Structure formats: C-alpha cells, structure tokens
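What follows is one structure encoded as structure tokens, with my remarks underneath.
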There are 2 protein chains.
Amino acid sequence: MGQLSRLIEPVLLFLLARKGHSYGYDLAAELPAYALGPEPVDRTTLYRCLRQLETHGHLVSHWDLPTAGPARRVYCVTASGRQHLQEWMRALELFSGTLDRLLREARILESPVEESLTT
Amino acid sequence: MGQLSRLIEPVLLFLLARKGHSYGYDLAAELPAYALGPEPVDRTTLYRCLRQLETHGHLVSHWDLPTAGPARRVYCVTASGRQHLQEWMRALELFSGTLDRLLREARILESPVEESLTT
DNA sequence: GCAACTAGATGTATTTCGCACCTAGTTGCA
DNA sequence: TGCAACTAGGTGCGAAATACATCTAGTTGC
C-alpha cells in the first residue's frame, strides 16, 4: 500500500483557519495528527502545497523576522481560501460516507470465513 | 480540487472478493458506487491497477471467450490478495477515523461565523 | 568551532495519472 | 452493404504529483 493520497491541502487549510495564521515548519509538526495516511508527509510537498494555495489566492503570506531564529513565511487564509475549505469539506463528507459503506460491506465479507479448524 | 486520491486498488479487491471473479469492463461499471471521490475513474487507470495487482500476486487472470462479444480477461483474488485487502481495510479504518475527526472539528470552525447581517 | 535545530527553498528523478488513440468482435439499422 | 454504437482490452506519451538529495542561513549549546 502506501499510496493513501497525501490529501494535505484540506488539512493545511483547516489548520490555518483554526490557528488564524502559521508557517510551514510549524504546520509540519501539526500535520501528523490529521494526516490521512500513516506515512509522514515530505516537507517539500508541504512547502509547495502552501505556495500553490497562495498562487491560487487561497492564502496570503508575509515574512516574519523573529528576534531569534531564521525568517518564517507566515500564511493566512483568505476569503477565497475559507470558501475553498468548505468545498473540500463537502467533498470529504461524501468521501467519508462512501468509505464507511465500503468498510461496512467489507467487514461482512471477512467475518464468515473462519477456517481456523482446517489447520 | 479533484485530486481525491483514486484509491481504487482496495475497491477493486473488495469488488472482486465479493463477486468471486470479474473483468475490467464490468468492474468499471461497479466502481462509481464505491469510488472515493466524485470524478469518474479513467479506464486506463483501472486496467493498469488490475495488471499491477496481478504482477504482485494478489490476483490471477485467465481469458474468457464468450460465445458473443470480445474476449474478457477475468480476474480472481488469490489468498495473498485477500490478505492484502484486509491490510487495506485496516489502513482505511484509521483513515476513516482521522477523516471523521477532521470533519467534526472543521464543522465547529464553520458554524459560529454567521456574517449574514453585515451585508 | 562545530553539531543540532529551526526555517525555507531548489533541482531533479521517479511515479502516477489522464488523454488520445488503436485493435477487434457484435448488434442494429438504414 | 455500410456504418454507427457498444463491448472489451490495450499502448504511448505528456503532464502533474511526489520523493530524494542538497543548499542557504540564523541560533543555541557545548
């Protein structure tokens, strides 16, 4: 397996909407809690996803120069981004419904086998 | 959006496990009912996924030559394939749990906004 | 003075995916 | 007879997504 879609775009939008604003390195630390799939997300994918959301107008960024440490590119969700997040959530609701049905019906397949006595 | 992972591998394994055996064109017709995502799945992707599952030993195929119509490559799930399906289902259970939590927490974000009076 | 950590970025190879296109058998109809 | 529509499978290629390696640069602690 392994190729559970990264699907990090909606998670990033969600985290940013909830936190108000954040930056890549920080989001990378929060992502595992919501990452859809077990494999850790590559930082490159995350940075590029943020940049792409910005070019699409869903985020805006500015440089934050903390008194200590390297500069951070801080992102905020725009109105367009909030709308995009809601579209994502509608899509994910459907996704979730289909997935649950699949899991339910797959469990029915598994249960009646019981070949433990044939050993 | 659009890139809700195709995630068709577990669906194909599930459908084949339930039906006993089937072929690409038929599975393509059943897929939309379980497709995780709204966009229709390209037939190329489906055929290639079946071939890949076969090279990994999760499926076996033989040619069926019906009295009417073109030949069909009929697939059956192997023992390895059934095991693989169960692994997939375990992964998708986790996936579903995380997804539901994301949806729940995102709904909390949306609800309290209510800017309808500011127009 | 150097290792470890924070923070962001690029460049490139690989993988995945979708589109266009092809073969071939059958059915229906004009 | 000819051809459109449908069934059934497949290939080749380009675009997009992804992963890996590598780079710069500031700070902290030893």
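None of these values were measured; they are calculated from a predicted model. The chains referred to below are lettered A, B, ... by the order of the sequence lines, with proteins before strands, and numbering in each begins at 1.
- Rounded to an integer number of Å, the gap from OH of A/Tyr25 to P of C/dA7 is 6 Å.
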Output one letter per nucleotide in nucleotides 23-30 of chain D: B when a protein non-hydrogen atom lies under 4.0 Å from the base, S when only the sugar-phosphate is that close, - when neither is.
----SS--
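- Looking only at atom types and distance, the side chain of A/His58 has no donor-acceptor partner in the side chain of A/Glu9 under 3.5 Å away.
- Between B/Tyr47 and D/dG10 there is no side-chain polar atom (N or O) within less than 4.0 angstrom of OP1 or OP2.
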For B/His84 and B/Val77: C-alpha separation, side-chain torsions, deciding distance, then whether side-chain contact (heavy atoms from CB on, under 4.5 Å) applies.
CA-CA 10 Å; B/His84 192 52; B/Val77 182; over 6 Å; no
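- Between A/Leu16 and A/Leu50 there is a side-chain heavy-atom pair separated by less than 4.5 Å.
- Residue B/Thr45 places none of its side-chain N or O atoms closer than 4.0 Å to OP1 or OP2 of C/dT16.
- Looking at A/His21 and A/His62, their side chains never come closer than 4.5 Å, going by heavy atoms from C-beta outward.
- With rounding to whole Å, B/Leu59 atom CG is found 13 Å from D/dG9 atom P.
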Can you give the dot-bracket line for DNA chain D, using ( ) for pairs inside the strand, [ ] for pairs that cross earlier ones, | for pairs with another strand and . for unpaired bases, where Watson-Crick and G-U count if both distances are under 3.5 Å?
||||||||||||||||||||||||||||||
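- Atom CD in B/Glu9 sits roughly 14 Å away from atom C1' in C/dT15 (whole-Å rounding).
- Between A/Leu7 atom CG and C/dT16 atom P the separation is 17 Å, expressed in whole Å.
- Counting only heavy atoms from C-beta outward, the side chains of B/Glu30 and B/Lys19 approach each other to under 4.5 Å.
- For A/Thr44 against D/dC20, a side-chain-to-base donor-acceptor contact under 3.5 Å is present.
- A cation-pi contact, defined as under 6.0 Å to the ring centre and within 45° of the axis, links A/Arg101 to B/Tyr34.
- Atom CD of A/Gln52 and atom P of C/dA9 are 14 Å apart (whole Å).
- Listed pair A/Tyr23 / C/dA7 meets the phosphate criterion, a side-chain N or O lying under 4.0 Å from OP1 or OP2.
- Scanning for ring-ring contact (aromatic ring centres under 6.0 Å, His included) contacts around A/Tyr23 gives an empty result, with sequence neighbours left out.
- The shortest distance between side-chain heavy atoms of A/Ser22 and A/Leu15 does not fall below 4.5 Å.
- Residue-to-nucleotide contacts include no donor-acceptor pair under 3.5 Å from the side chain of B/Arg72 to the base of D/dG10.
- Counting to the nearest Å, the P atom of D/dT18 and the CD1 atom of A/Ile8 are 7 Å from each other.
- Considering only side-chain N and O atoms, A/Arg73 lies under 4.0 angstrom from the phosphate OP1 or OP2 of C/dA9.
- The base of D/dG9 does not come close enough to the side chain of B/Arg48 for any donor and acceptor atom to sit less than 3.5 Å apart.
- Whole-Å rounding puts the B/Arg51 CZ to C/dC17 P distance at 17 Å.
- Heavy atoms from other residues, nucleotides or ligands lying under 6.0 Å from CD of B/Gln83 number 12 at most.
- Atom pair B/Trp63:CH2 and D/dT7:C1' shows a separation of 13 Å (rounding to whole Å applied).
- Inter-residue side-chain proximity for A/Phe95 and B/Phe95 is flagged as met; some heavy-atom pair is nearer than 4.5 Å.
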